[in-house]
Amino acid sequence: MGVPGVDQLIEARYDPEQLTGILLTHSHWDHVSGIADLDVPVLITEAEIAYATHAKNDTVFAAVSPGHRLITYTFDDGPFEGFPASHDHYGDGSVVVVPAAGHTSGSVIVFVHASDGARYAFIGDLAWQLDGVQRHVDRPWLMRRLADSDPDQVRADLARVSALAGRYRVIPAHDARAFDGIPTLSAEALR
Ligand SMILES: [Zn+2]
């Protein structure tokens with residue numbers, strides 16, 4: 001059992017109220033349950049709100065999102081790193097979101113350019129493990145049928161992400177090994 005996000009923040013002596021928002025890669029239950037503990041807006045695409053609204057087998061987002069302001073955004077900032085459109089959140093390239101609507105119909109990839117020069121691509125569940133990116137391994141057929149809204153789109157976006165490996169640290173949400181190079185949240189790091 002993992003430690004809830006809000007407890008990790010508090011443990012690191014980061015005041016959760018300082019957060020300006022939660023930027024989701026997608027609305028599946030295992031990516032959104034922590035929203036309930038954080039009183040901040042949620043950044044999400046219209047397409048993903050529609051996906052979550054119609055997800056009959058996954059009602060967690062519907063349960064945790066009321067009471068939160070949903071801030072939607074659109075991809076008006078032109079092509080980015082091989083993706084046809086993007087949303088440059090701060091207008092300075094530090095956080096750039098691109099659509100990757102295969103896993104769910106409103107899934108996104110979040111590119112982060114940290115101030116120390118490190119570059120990350122948070123790909124959500126586009127691939128479940130780094131192997132899927134490095135070796136361009138598809139999910140087993142049955143899992144793909146069950147998990148992805150549009151397997152062909154997943155394959156196309158995975159090819160785009162594979163081309164970035166080396167320049168970006170690619171972080172699938174469920175592969176703890178990929179977290180190794182990310183500076184961990186600690187009171188020290190935040191000082
Ligand atoms: Zn997912």
Side-chain angles (χ1 to χ4, degrees), residues 1-6 8 21-38 40-66 68 70-73 75 81 83 85-87 89 95-112 120-162 164-165 168-179 182:
M1 186 71 185
V3 179
V6 68
Q8 293 181 45
I22 299 167
L23 177 51
L24 298 179
T25 57
H26 63 294
S27 64
H28 279 158
W29 68 272
D30 49 335
H31 299 255
V32 302
S33 58
I35 290 174
D37 301 327
L38 294 162
V40 295
V42 175
L43 288 89
I44 185 169
T45 59
E46 291 280 5
E48 192 62 5
I49 293 174
Y51 174 87
T53 304
H54 295 106
K56 295 211 166 40
N57 300 322
D58 183 348
T59 56
V60 172
F61 183 76
V64 297
S65 57
H68 288 79
L70 300 183
I71 299 176
T72 57
Y73 54 91
F75 300 103
E81 296 291 17
F83 290 83
S86 67
H87 166 66
H89 190 69
V95 178
V96 179
V97 189
V98 300
H103 180 57
T104 64
S105 44
S107 280
V108 301
I109 294 172
V110 181
F111 290 94
V112 174
Y120 303 97
F122 293 92
I123 65 169
D125 286 351
L126 182 65
W128 282 335
Q129 296 189 314
L130 208 48
D131 291 351
V133 178
Q134 287 164 338
R135 296 193 288 119
H136 199 161
V137 179
D138 284 338
R139 269 193 258 288
W141 177 82
L142 182 61
M143 295 305 284
R144 214 158 58 216
R145 283 291 301 271
L146 294 172
D148 295 329
S149 294
D150 182 346
D152 290 340
Q153 186 66 47
V154 166
R155 207 167 299 138
D157 289 334
L158 209 44
R160 290 180 170 125
V161 169
S162 296
L164 302 173
Y168 283 85
R169 185 171 284 275
V170 177
I171 316 289
H174 293 293
D175 189 351
R177 290 170 306 157
F179 301 163
I182 306 181

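The figures that follow rest on heavy atoms only: side chains count, while hydrogens, waters and symmetry mates do not. Just so you know, ligand 1 is whichever comes first in the structure, and atom 1 is the first atom listed for that ligand.
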Go through the structure and list residues passing side-chain contact (heavy atoms from CB on, under 4.5 Å) with Asn57, not counting sequence neighbours.
none
Mark yes or no for whether Thr45, through its side chain, and Gly106, through its backbone, hold a donor-acceptor pair below 3.5 Å.
yes
Backbone of Thr72 reached by a side-chain donor or acceptor of Glu46 within 3.5 Å:
no
Using ring pair (Phe, Tyr, Trp, His ring centres under 6.0 Å) as the criterion, list what pairs up with Phe83, not counting sequence neighbours.
none
Residues which pass ring pair (Phe, Tyr, Trp, His ring centres under 6.0 Å) with Tyr51, listed by chain and number, not counting sequence neighbours:
His28
Do any protein N, O or S atoms sit under 2.8 Å from the Zn ion (ligand 1), and which ones are they?
His26 NE2, His28 ND1, His103 NE2, Asp125 OD2
Angle class for the Tyr73/His87 ring planes (parallel below 30°, perpendicular above 60°, tilted otherwise)?
parallel
